[in-house]
Amino acid sequence: MFPQTRLRRLRRQSLRPLFTETQVTLNDLIMPLFFVEGAKQKIPITSMPGQFRWPLSAAADIAKDLDADGIRAVFLFGIPKTKDAVASAAFATDGIVQEATRAIKAAVPEMVVITDLCACEYTDHGHCGIMHESCDGPDLDNDASLELMQKIAISQVMAGADIVAPSCMLDGMVMIIRKALDAAGYEYVPIMSYSTKFASALYGPFREAAYSGVSFGDRATYQINPGNGREAFRESLLDLKEGADILMVKPASIYLDVLAQIKKLGLPTAAYQVSGEYSMIKAAAQNRWIDEKLIVMESLTSIKRAGADLIITYYAQDVARWLA
Ligand code: PBG
Ligand code: ZN
């Protein structure tokens, strides 16, 4: 009888929930937070309506608030008082991320604190490490910057970070951080590697938020060319071999093909719905051109369907409230 296969049979209202393949849950979500050294009150991020740069004094309350909404993990960024050429504030014992980590763990010990491990918020030139003069002019000094990453990692873990997330895209970063952590007795601390990070225009609002734009050059000598899918796969494969515990694809929505491929490597996989993805949705929603709730859930569901076990998203707390 035509048509023999009727997919609509399972789409009836009462049956549909039983056949839902992918559902975003609270266990998938990680909330990014910015803390500003020396701030007295929260400062709005103009390009990311609804997001703020927080003073350290707010850390405990934010953690309790997120915990009450069912969020299990936060992802920390710091904005230091002073920046210099070698990112000294990134590994200071009393650095802003280190202090925020302590405050959050003291307020909510079970909150998982993941720290972004990079130098660009802390360097005066805005690049993700230490610079040197290369054959092409000023460029990131890979091996000198690796030592810096070791120092940052140790300082963050000593402050109580549960997971470190290197985002500098230096060659050898995972291996060298693993080595440093193990040597210091932190062999139980996982590394969530920004293993596949593209040189994307979608980080624009973040760089406003963190005052971390580059003063010269760009990040294309260390981040991946958006058209290079095979290279993106190799980057994640390398990080797996170097000992990464979790791989990450960033940005998320426009790199789902890459995410699906990297998922096949077998490691837990994270995706970062970055600042520009948030801002684009927000801008359209504020204009009432798009239904915010629907598009956020659709995009997060698609990111999960493509292979993400974890999603870092500025919408995490909103979603937690919508799901409640
Ligand atoms: C630091 C870092 C950046 C982001 C996460 N970690 C900025 C960058 O690489 O320029 C971007 C996050 C976002 O856009 O939400 N290297
Ligand atoms: Zn960086």
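Heads up: numbering here begins at 1 and tracks the sequence. Note that ligands are numbered from 1 as they come in the structure, with each ligand's atoms numbered from 1 the same way. Computed from a predicted model, the values in this text were never measured in an experiment. Any value given below was found using the heavy atoms of this structure, including those in side chains, with hydrogens, waters and symmetry copies removed.
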Listed pairs under 3.5 Å, donor-acceptor, residues 32-47 side chains, sequence neighbours left out:
from, atom 1, to, atom 2, distance (Å)
Glu37, OE1, Lys81, N, 2.8
Ser47, OG, Glu208, OE1, 2.8

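- Contacts of Tyr314 with ligand 1, taken as heavy-atom pairs under 4.0 Å, involve the side chain alone.
- Under a 4.0 Å heavy-atom criterion, Arg219 is in contact with ligand 1.
- Ring orientation note: the planes of Tyr188 and Tyr186 are nearly perpendicular, at an angle over 60° on the 30°/60° scale.
- Looking at atom 4 (C) of ligand 1, its nearest protein heavy atom turns out to be Lys250 NZ, 2.7 Å.
- For ligand 1, the atoms closer than 4.0 angstrom to any heavy atom of Phe77 are 5 (C), 6 (N).
- Between the side chain of Asp162 and the main chain of Ile114, no donor-acceptor pair closer than 3.5 Å is present.
- Residue contacts with ligand 1 include Gln223, since one of its heavy atoms falls under 4.0 Å from the ligand.
- Salt-bridge formation is detected for the pair Arg178/Asp245: a Lys NZ or Arg NE/NH1/NH2 atom is positioned less than 4.0 Å from an Asp or Glu carboxylate oxygen.
- With respect to atom 12 (C) of ligand 1, the closest heavy atom belonging to the protein is Phe206 CD1, 3.4 Å.
- Side chain to side chain, Ser253 and Ser299 fail the donor-acceptor criterion of an N or O pair below 3.5 Å.
- Heavy atoms of Asp116 found under 4.0 angstrom from ligand 1 belong exclusively to the side chain.
- Residue contact check: Cys120 has heavy atoms under 4.0 Å from atoms 1 (C), 16 (N) of ligand 1.
- Closest protein heavy atom to atom 14 (O) of ligand 1: Ser275 OG, 2.7 Å.
- Within the 4.0 Å heavy-atom cutoff, Tyr272 counts among the residues contacting ligand 1.
- Of the possible polar contacts, none joining the Lys263 side chain to the Ala306 backbone as a donor-acceptor pair under 3.5 Å is found.
- Under a 3.5 Å cut-off, the side chain of Gln156 and the backbone N or O of Val164 do not form any donor-acceptor pair.
- By the criterion of a heavy-atom distance under 4.0 Å, the side chain of Cys118, and not its backbone, is placed next to ligand 1.
- Judged by distance alone, the side chain of Ser236 and the main-chain N or O of Phe233 form no donor-acceptor pair under 3.5 Å.
- With salt bridges taken as basic N to acidic carboxylate O contacts below 4.0 Å, one links Glu99 and Arg102.
- Closest to atom 8 (C) of ligand 1 among all protein heavy atoms lies Arg207 NH2, 3.6 Å.
- Of the charged side-chain nitrogens involved, at least one lies within less than 4.0 Å of a carboxylate oxygen, so that Arg321 and Asp65 count as a salt-bridged pair.
- In this structure, Lys197 is not positioned above the aromatic face of Tyr272 in the sense of NZ or CZ being under 6.0 Å from the six-membered ring centre and within 45° of the axis.
- Of all protein heavy atoms, the one lying nearest to atom 9 (O) of ligand 1 is Lys197 NZ, 2.7 Å.
- Protein N/O/S atoms found under 2.8 Å from the Zn ion (ligand 2), listed by chain and residue number: Cys118 SG, Cys120 SG, Cys128 SG.
- Checked for salt-bridge contact, Glu292 and Lys282 meet the test: a charged N lies under 4.0 Å from a carboxylate O.
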